[in-house]
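All residue numbers in this chain count up from 1 along the given sequence. Owing to the predicted nature of the structure, the values given are computational and were not obtained by experimental measurement.
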Amino acid sequence: MNKEKELIDKLIDLAFAEDIGDGDHTTLSCIPATAMGKSKLLIKESGVLAGVEIAKEIFNRFDPTMKVEVFINDGTEVKPGDVAMVVEGKVQSLLQTERLMLNVMQRMSGIATMTRKYAQKLVGTNTHVLDTRKTTPGMRILEKMAVKIGGGVNHRIGLFDMILLKDNHVDFAGGIDKAINRAKEYCKEKGKDLKIEIEVRNFDELQQVLDLGGIDRIMFDNFTPEMTRKAVEMVAHRYETESSGGITFDTLRDYAECGVDFISVGALTHSVKGLDMSFKAC
């Protein structure tokens, strides 16, 4: 079992545990166990659909006899009135899976919609928009899937799959050189093949990194577009470059036109409104 599937399975288990507990007594009290029916996923707001594959997994995990007919796939732009899928099965199962499926699909579709907006702003440049670790605890894997569906690129998934030396790491380690050298020694000692990225706050720190080398990507933290242009010229394609901090949708293109490879945007996941949709009997 890979890490991604393991995290999704645990999330679904926890979500059902917190929602259903010892039983959906409303449904169990008024719907016969033998009653069969259909529900449709109705889109009520324009955006980018995401979470279809996870929805199918939710239905299957709860009741493998449920039949899902998908009409609109992940990554497709949708509008009010569209029907994304129809699910057929026991009415008790339809009612008990409704909220979890909607919570996941609304959240993922909201993120995919936001990401598509940012990605389209970068069309014509060589810059990609990145997500961050500013995600809902427990839902990170789904939120990062939604970013990819929307046209963005995942940064590291967590603290385990990349080394990112931020300002606090540099300060606690005693400087740029110590932080980088210790990271390289750690990877060698542990047999880890991890990319190393380092954050710089000014041109002095950038020059220290360039003099030392041995990293894969340099992050320009809270640089202005003018500073970013100069920094990109200093790096001269020797390493990947990333802009981060204080970048808004309105200034996104300004940074991209400086030639930076990536722009990380926490807003893709930390403050997104879910896309409106409902699951109605049909």
Side-chain angles (χ1 to χ4, degrees), residues 3 115 118-119 121-135 140 144 147-148 151-248 251-269:
K3 182 81 173 174
T115 304
Y118 275 77
K121 184 93 167 180
L122 296 175
V123 169
T125 72
N126 293 316
T127 306
H128 300 282
V129 63
L130 290 177
D131 52 26
T132 68
R133 286 169 53 239
K134 296 174 183 176
T135 55
R140 177 175 298 169
K144 284 184 172 276
V147 166
K148 290 180 74 173
V153 175
N154 292 154
H155 205 290
R156 54 185 179 161
I157 299 300
L159 297 173
F160 57 88
D161 58 337
M162 184 180 187
I163 288 179
L164 173 46
L165 301 166
K166 295 179 74 73
D167 52 357
N168 280 339
H169 297 97
V170 170
D171 291 343
F172 280 126
I176 295 276
D177 55 343
K178 290 185 176 66
I180 292 175
N181 287 331
R182 286 175 185 171
K184 289 162 65 178
E185 288 165 8
Y186 176 88
C187 288
K188 185 176 180 180
E189 179 186 320
K190 300 293 183 182
K192 298 281 187 184
D193 183 21
L194 297 172
K195 280 195 168 186
I196 298 175
E197 178 174 7
I198 187 160
E199 177 182 275
V200 297
R201 293 165 283 192
N202 50 56
F203 291 116
D204 178 56
E205 289 189 345
L206 174 56
Q207 190 60 57
Q208 290 181 54
V209 172
L210 294 175
D211 290 342
L212 187 62
I215 44 85
D216 299 282
R217 185 184 301 174
I218 303 172
M219 178 193 291
F220 311 132
D221 182 44
N222 285 305
F223 279 35
T224 64
E226 294 73 22
M227 292 169 67
T228 302
R229 189 177 300 279
K230 179 182 175 183
V232 168
E233 290 173 358
M234 289 173 65
V235 175
H237 302 292
R238 284 175 283 176
Y239 307 105
E240 291 180 338
T241 55
E242 176 184 339
S243 288
S244 180
I247 301 169
T248 66
T251 61
L252 188 76
R253 183 86 186 191
D254 296 333
Y255 281 89
E257 290 176 349
C258 294
V260 70
D261 296 310
F262 302 100
I263 299 174
S264 49
V265 179
L268 297 184
T269 54

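Side-chain atoms of Asp131 come within 3.5 Å of backbone atoms of His155 as a donor-acceptor pair (strictly under, hydrogens ignored). Looking at Thr269, its side chain does come within 3.5 Å of a backbone N or O of Lys134 through a donor-acceptor pair. A distance-only check finds a donor-acceptor pair linking the side chain of Lys144 to the backbone of Arg156 [under 3.5 Å]. Without hydrogens or angle criteria, Thr224 side chain to Met227 main chain gives a donor-acceptor distance under 3.5 Å. Panel note: side chain Glu199, backbone Asp167; a donor-acceptor pair is recorded below 3.5 Å. Distance alone, capped at 3.5 Å, is enough to place a donor-acceptor pair between the Arg238 side chain and the Val235 backbone. Using a distance-only test at 3.5 Å, with no hydrogens or angles considered, no donor-acceptor pair links the side chain of Arg201 to the main chain of Asp221.
Counting only residues at least two apart or on different chains, no ring pair (Phe, Tyr, Trp, His ring centres under 6.0 Å) pair has a member in residues 182-202.
More than 12 heavy atoms of other residues, nucleotides or ligands lie within 6.0 Å of CZ in Phe160, so this atom counts as buried by the packing criterion. Crowding of Lys148 atom NZ: a count of heavy atoms from other residues, nucleotides or ligands under 6.0 Å not exceeding 12. Atom CG of Asn126 has 12 or fewer heavy atoms from other residues, nucleotides or ligands within 6.0 Å.
Here Asn168 pairs with nothing under the side-chain hydrogen bond (donor to acceptor under 3.5 Å, both in side chains) rule; sequence neighbours left out. Under the rule for a side chain to side chain contact (heavy atoms under 4.5 Å, CB included), the partners of Lys195 that lie at least two apart in sequence or sit in another chain are Met162, Asp216, Glu240.
For the residue pair Thr132/Ser264, the side-chain donor-acceptor check at 3.5 Å is not satisfied.
Atom CG of Leu212 is separated from atom NZ of Lys178 by 11.5 Å, given to the nearest 0.5 angstrom. Rounded to the nearest 0.5 angstrom, Ile180 CD1 and Ile196 CD1 are separated by 8.0 Å.
When all heavy atoms of Thr241 and Arg217 are compared, the closest pair comes out as N-CG, 4.1 Å.
Below 30°, between 30° and 60°, or above 60°: for Phe203 and Phe223 the angle between ring planes is above 60°, a perpendicular geometry.
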